[in-house]
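Structure first, commentary second.
Note that this is a predicted model, so its numbers are computed, not measured. For the numbers below, each heavy atom of this structure counts, side chains included, while hydrogens, waters and symmetry mates do not.
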Amino acid sequence: MATINYTKKQVNIMLVISIILVISGLYIIRLYLPPLVSLGVVNFGNVFGYLGGGAIIALGVFLKPVVTFIRGEIECGHKKQIIVALTVIISLLLAFLIAFFGTLSSIISHSEKTATDQKTVIVLGCQIRGSVPSGSLIARCAAAAEYLEEHPDAVVIGTGGQGADEDLSEGQCIYNLLTEKGIDPDRIYIEDKSTSTDENIANAVKIIEENNLSKEVAIATSDYHEKRADMICEKNGLKAYSLPATATKWSRPTFFTREVFAVWAQLI
C-alpha cells in the first residue's frame with residue numbers, strides 16, 4: 001500500500017475532530033457514572049452509556065489510522081466495497097438511533113402526570129435494602145399519598161414481593177410508608193408475591209377483580225417507568241394513567257436509557 005500523505009490543514013482538522021470526539025465520549029460516560037458511583041447500580045442503561053462513550057473515544061483516538069485505512073483501500077481500487085461498507089454501517093447506525101430516540105421520546109411523554117380522578121391506585125414495588133426503602137420507593141409512595149389525600153374515595157394497591165436481601169415485602173413496605181403518611185389502612189391492599197413489574201400488575205388485577213375495583217388505574221411509579229407500566233397494564237386489561245415520581249437528576253440518563261431496552265424487550 002502506498003504511503004498516505006496529509007497536508008498540515010488536514011492533520012489539524014483531524015486533530016480537532018479527534019479532540020471533540022474524545023471530549024464528547026468522556027462527557028457521555030460522565031452522565032452515566034453517578035448511579036454506579038453512589039449506589040453501585042449496573043444495568044443496560046449505564047452499560048450502554050459506557051460502551052457508547054468508549055466507542056466515541058476510541059474513534060477519536062484512532063481517527064487518523066481509520067481515515068488512512070479507508071483512503072488506502074480506495075487507492076487500491078476498493079472504492080466500491082468501501083462505499084458499500086460505509087453505507088451499511090451508517091444505515092444501521094441511523095436505524096438504531098431513530099428507533100432509540102423514538103422510543104425515548106415516547107417514554108418521556110409518558111413520564112408526565114395524566115392521573116386525574118381514578119379510583120384505583122397501584123404503587124409498583126421497588127428495591128428495599130434490608131428494611132430500608134430505596135429513594136425511588138419512597139418517592140413513589142409520596143406521589144401516591146399526595147394523590148390519595150386529594151382523592152379520599154380512591155384506594156391503593158401496594159405491590160411487590162420479598163427479595164432475598166429484603167427483610168419485608170415491598171408491598172408491606174408500601175403499606176408502612178403510606179400509613180406513616182396518614183393514609184387509612186382500610187384504603188390499602190397489599191400484593192406481596194410478585195417479583196417483576198409484569199407480576200406486580202397481573203397480581204394487582206386479581207385484587208381489583210376480587211374486590212370489584214375500577215380498572216381505570218393511576219400507576220404510581222418512577223417517571224421513566226410509566227411507559228412500560230402502561231404497556232403491561234394494557235396487556236392485562238387495565239386503562240392506565242401516569243402518577244409519576246420524578247427520578248433524581250443524576251439518575252435520569254441511566255434509567256431512561258435502560259427503559260428504552262426494557263420497552264423493546266416488552267414489545268418482543
For [X], enumerate each residue passing the side chain to side chain contact (heavy atoms under 4.5 Å, CB included) test, keeping only those at least two apart in sequence or located in another chain.
| X | result |
| --- | --- |
| I82 | I70, E73, I74, L86 |
| E216 | Q118, S214, K239, Y241 |
| N5 | T3 |

Strictly by ring-ring contact (aromatic ring centres under 6.0 Å, His included), give each pair with a member in residues 140-186 just once, sequence neighbours left out. Y147-H151
Hey, are E209 and K215 close enough for a salt bridge, meaning a charged N less than 4.0 Å from a carboxylate O?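 Salt bridge: yes.
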Using a strict threshold of under 4.0 Å (side-chain N to carboxylate O), is an ion pair present between R129 and D165?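 A salt bridge is absent here (no side-chain N lies under 4.0 Å from a carboxylate O).
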Set of residues satisfying side chain to side chain donor-acceptor pair (under 3.5 Å) with respect to T103, sequence neighbours excluded: W264
What residues form a ring-ring contact (aromatic ring centres under 6.0 Å, His included) with F48, not counting sequence neighbours? F96, F100, F261
Does the side chain of N203 come under 3.5 Å of the side chain of E191 through a donor N or O and an acceptor N or O? yes
Out of curiosity, does I20 fall in the hydrophobic cluster containing L26 (side-chain heavy atoms, cut-off under 4.5 Å, transitive links)? no
Between E166 (side chain only) and G163 (backbone N and O only), is there a donor and an acceptor less than 3.5 Å apart?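 Yes, the answer is positive, given that a donor and an acceptor are paired below the 3.5 Å cut-off.
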Backbone of D117 reached by a side-chain donor or acceptor of K119 within 3.5 Å: yes
